[in-house]
Structures are given as structure tokens and as C-alpha cells.
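Throughout, protein chains are lettered first and strands after them, A, B, ... in sequence-line order, and every chain is numbered starting at 1. Predicted model only: the values in this text are computed from it and were never measured.
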2 protein chains.
Amino acid sequence: MAAENANLSSSLEDYLEAIFNLSKESNIARSKDIAKSLGVSRASVTGALRVLKEKGLANYKPYDYVTLTETGRPIAAEVAQKHKILESFFVDFLGIEPNIAQEAACKAEHTLGPGIIAKLLCFIEFVKHSSKNGCDLADQFEKFCKKQTSKSAGKRDSKNGAE
Amino acid sequence: MAAENANLSSSLEDYLEAIFNLSKESNIARSKDIAKSLGVSRASVTGALRVLKEKGLANYKPYDYVTLTETGRPIAAEVAQKHKILESFFVDFLGIEPNIAQEAACKAEHTLGPGIIAKLLCFIEFVKHSSKNGCDLADQFEKFCKKQTSKSAGKRDSKNGAE
DNA sequence: TGACATAGTTAGGGTAAACTAACTATATTA
DNA sequence: TAATATAGTTAGTTTACCCTAACTATGTCA
């Protein structure tokens, strides 16, 4: 856990993550693509890059490609990993729609500390382990959920449920 | 799920939640106490109350106690419920320290939509159900975690683990 | 009842993040 | 190589927070 420093805002973490992902995908992170992937204007990207450079997290020269510094990369990687873990928990275990899960992971990745993320990762392993042993937890949970919701739907029908 | 409207910022949701909790605890929400519970200045509270009044969520008159409107109350209740569910998941299942869990819940309650929260609640029920049936999931998970961490600690010792 | 403490408000400022519009640099291609 | 399109930057604005300091209202008790 080399990162966890720098007191970055959610917004700056998003920029780091975007640069990290683009560098992986296309070997190069361009301002335009960062803007697109985060849904912000190109001007906003320029502003963020200047801040990241000041903080020593990104190598930024006007009109050039962006790369992460040795300091910035592990921080970006950690954010990206948090995202991955959350998304996997939401989709593979909770059964959330992928696009909703993706969006939620994107927000929650900035609010959950390393302790919680580590436990979540452990939980994902735990679920995998269970399915190898022939008692698939994700499956059992899914069935349990269905039972619950049909129960409460019944309640609502008969009692004209509150909420 | 009567709430989920109003496009509130995290900050405004926090104010609503604080008013909701104080009204429950002391039957009355005072500016000073809202400020204290959120760790902001009294002036910030005044500002937020004006916005909440504008949005029709709080009954606010200068120099008077604050109450929630019929519109505001269910929204506040939902935020508070999200908080409770998250905290319970973190503490009772993941085994996170209460103060860390409390803080994380406070942040994450604004980022996770009703779908995810509902599933999480369902999961909490699922775990309770399992313990009644004599196979305590929380317990099994805790043991699994301990095994995992001691394994990876071993790895780190022998390989001088990266990360 | 008037002085003092406490609570609440107002005014004025700061910062972070976004935007648009206009400008500059770079790349392409005829 | 000049014209044009695309990419990136700069300047100026806006919004949403938060803050402090100074003011006003309220309540208490001698």
C-alpha cells in the first residue's frame, strides 16, 4: 500500500485514474481523451493537469502527452484497483446492473478507505472459495433476495405498503 | 422509497440527516447543535438552512428552531437509513472498527443509490438468517480473512513482497 | 430591569471545481 | 508550403462550499 498520501480530492483522483487507464489501453493519455472519459471540458483537464504537476504526480508539459510520475502511478493504480474491487462486489455478488455499478464504484472509490476495500477483496475471495466447495454463496444470496422481495411485495399488496 | 428527489448535494443531505437525528434525540434541532454534529461553523448552518428552506425541505425562521417539512423528512430518513445499513455492514459483517466504519458510512451514504443499499440490507438479513441456521457466515468470513492475511504475510516475508 | 452570556445572522472572503469563448499550437493534406 | 481542422491553453465567470469577524437577538439572573 504505497499510496494513500497526498490528500487528493475525489476530482483529482479521478484524473489520475483516467490517465492510468488510458495509458494502459492506448499507451498514451491525451487531454482530449481524459476530458471525454471524465465528461468534462478540455479546459478543466488542463487545469487539473497543472495541479497534478504541482503535486508531483503527473509529468505535464503543454501540448505534450501526459504520463504519471513514480509517485503518481501507485496512487492512480490504487484508485483503479478500488474501483475494480467495488465494481466486482456490486455486479458479481450483489447482482447490480453493470452500468449502475460502474457509476457507483466511481463515486465510492473515493470515500472508502483501504481497510474496507481490503475486507471487500477478501470477501470476493471468500465467495469464490465457497463456490469451489460446492456451496455457491452468490447463488444462495440471489435466491434469498428473490424470496425476500416477493415476500415484501406480498405485504405491500395486502397492506398497501407504506414508504 | 418516497425520497430520491431534489438533487441534493452531499453537503445538504448531511444537514438534513443532522436535523433528522437531532430531532429524534432531543426533540429539537438547534443551529448550534447542527454545527457541532457536522463540524462546521454556525454561519455555514445558517447558509444551508436558507437553501433547505428555499427547496421546501426545512421549516426555517431566523432565531427559531428548525424542523423538517413533509417533503424533507422522508428524504432525511432515507439518508439516515442508508447510513445505518452501511455502518452495520461495515461493522457487523466486515469487522471494521466502529469509528472508521461510521466515518466511511457518512461519506458513502451519499454515493450509493437505493438499489445497492436495498441489496446490502438484504445481505444483512441473509447473514442473520444464516446464523439462525447454525452456519454463521460472519463468523466463517472472519476466519477466512485471518487465514488469508496470515498467508499473504507469509508470502511477504519470503518474497519481500512488492505492492 | 438591565447587564451579560449565548445563539444566530450578516457581510465579506477564500478555494476548488466546473464552464464558455477566444486564442495558440500542431498536424494533415492538397 | 499554405489552408484548414483538431488539440490544447488562457482568461474570465459561476456555483457551492466553507471560513472569520462583527453584529443582532434572546434568555437569564442578580
Quick one, which residues of residues 10-37 of chain A touch DNA chain C with a heavy atom under 4.0 Å?
->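 Contacting residues: A:Ser11, A:Tyr15.
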Residues touching DNA chain C, which here means a heavy atom under 4.0 Å, drawn from residues 42-54 of chain A =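 Those residues are A:Ala43, A:Ser44.
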Residues in side-chain hydrogen bond (donor to acceptor under 3.5 Å, both in side chains) with A:Lys24, at least two apart?
->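 Applying side-chain hydrogen bond (donor to acceptor under 3.5 Å, both in side chains) to A:Lys24 gives none.
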By side-chain hydrogen bond (donor to acceptor under 3.5 Å, both in side chains) - contacts of B:Thr111 (at least two apart) |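 Once residues adjacent in sequence are excluded, B:Thr111 has no partner under the side-chain hydrogen bond (donor to acceptor under 3.5 Å, both in side chains) criterion.
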Salt bridge (Lys or Arg N to Asp or Glu O under 4.0 Å) with [X]: which residues, sequence neighbours excluded?
X        : value
A:Glu25  : none
B:Glu142 : B:Lys146
A:Lys84  : none

Does A:Ser9 put a side-chain nitrogen or oxygen below 4.0 Å from OP1 or OP2 of C:dA16?
->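 No, outside the criterion.
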Tracing side-chain links under 4.5 Å among I, L, V, M, F, W and Y, which residues wind up in one group with B:Tyr63?
->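 Result for B:Tyr63 is none, singleton.
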Could you work out the complete set of other residues in the hydrophobic cluster of A:Val79, with links drawn between I, L, V, M, F, W and Y side chains under 4.5 Å apart?
->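 Direct or chained contacts put A:Val79 with none.
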Using the heavy-atom set of chain A and a strict 4.0 Å cut-off, write down the first and last nucleotide of DNA chain D that makes it in, 5' to 3'.
->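 The contact span of chain A on DNA chain D goes from D:dA7 to D:dT10.
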Could you check B:Glu17 against B:Asp14 for side chain to side chain contact (heavy atoms under 4.5 Å, CB included), going step by step and ending with a plain yes or no?
-> CA-CA 5 Å; B:Glu17 188 188 9; B:Asp14 279 332; 3.9 Å; yes
What about B:Phe123 and A:Phe144, are their ring centers closer than 6.0 Å?
->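 Aromatic pair excluded; centres sit 6.0 Å or further apart.
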Ignoring hydrogens and angles, tell me if any N or O in the side chain of B:Lys82 forms a donor-acceptor pair with the backbone of B:Ile117 under 3.5 Å.
->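 No, the answer is negative, given that no donor and acceptor are paired below the 3.5 Å cut-off.
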Which residues satisfy the ring-ring contact (aromatic ring centres under 6.0 Å, His included) test with A:Tyr60, sequence neighbours excluded?
->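 None.
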Where is the tightest heavy-atom contact between A:Ala18 and A:Ile34, given as atom of each residue plus distance?
->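 Closest heavy-atom pair between A:Ala18 and A:Ile34: CB-CG2, 4.3 Å.
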Mind running a 4.0 Å heavy-atom check of residues 59-69 of chain A against DNA chain D and sending the residues that fall below it, in number order?
->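 Within residues 59-69 of chain A, the residues near DNA chain D are A:Tyr60, A:Pro62, A:Tyr63.
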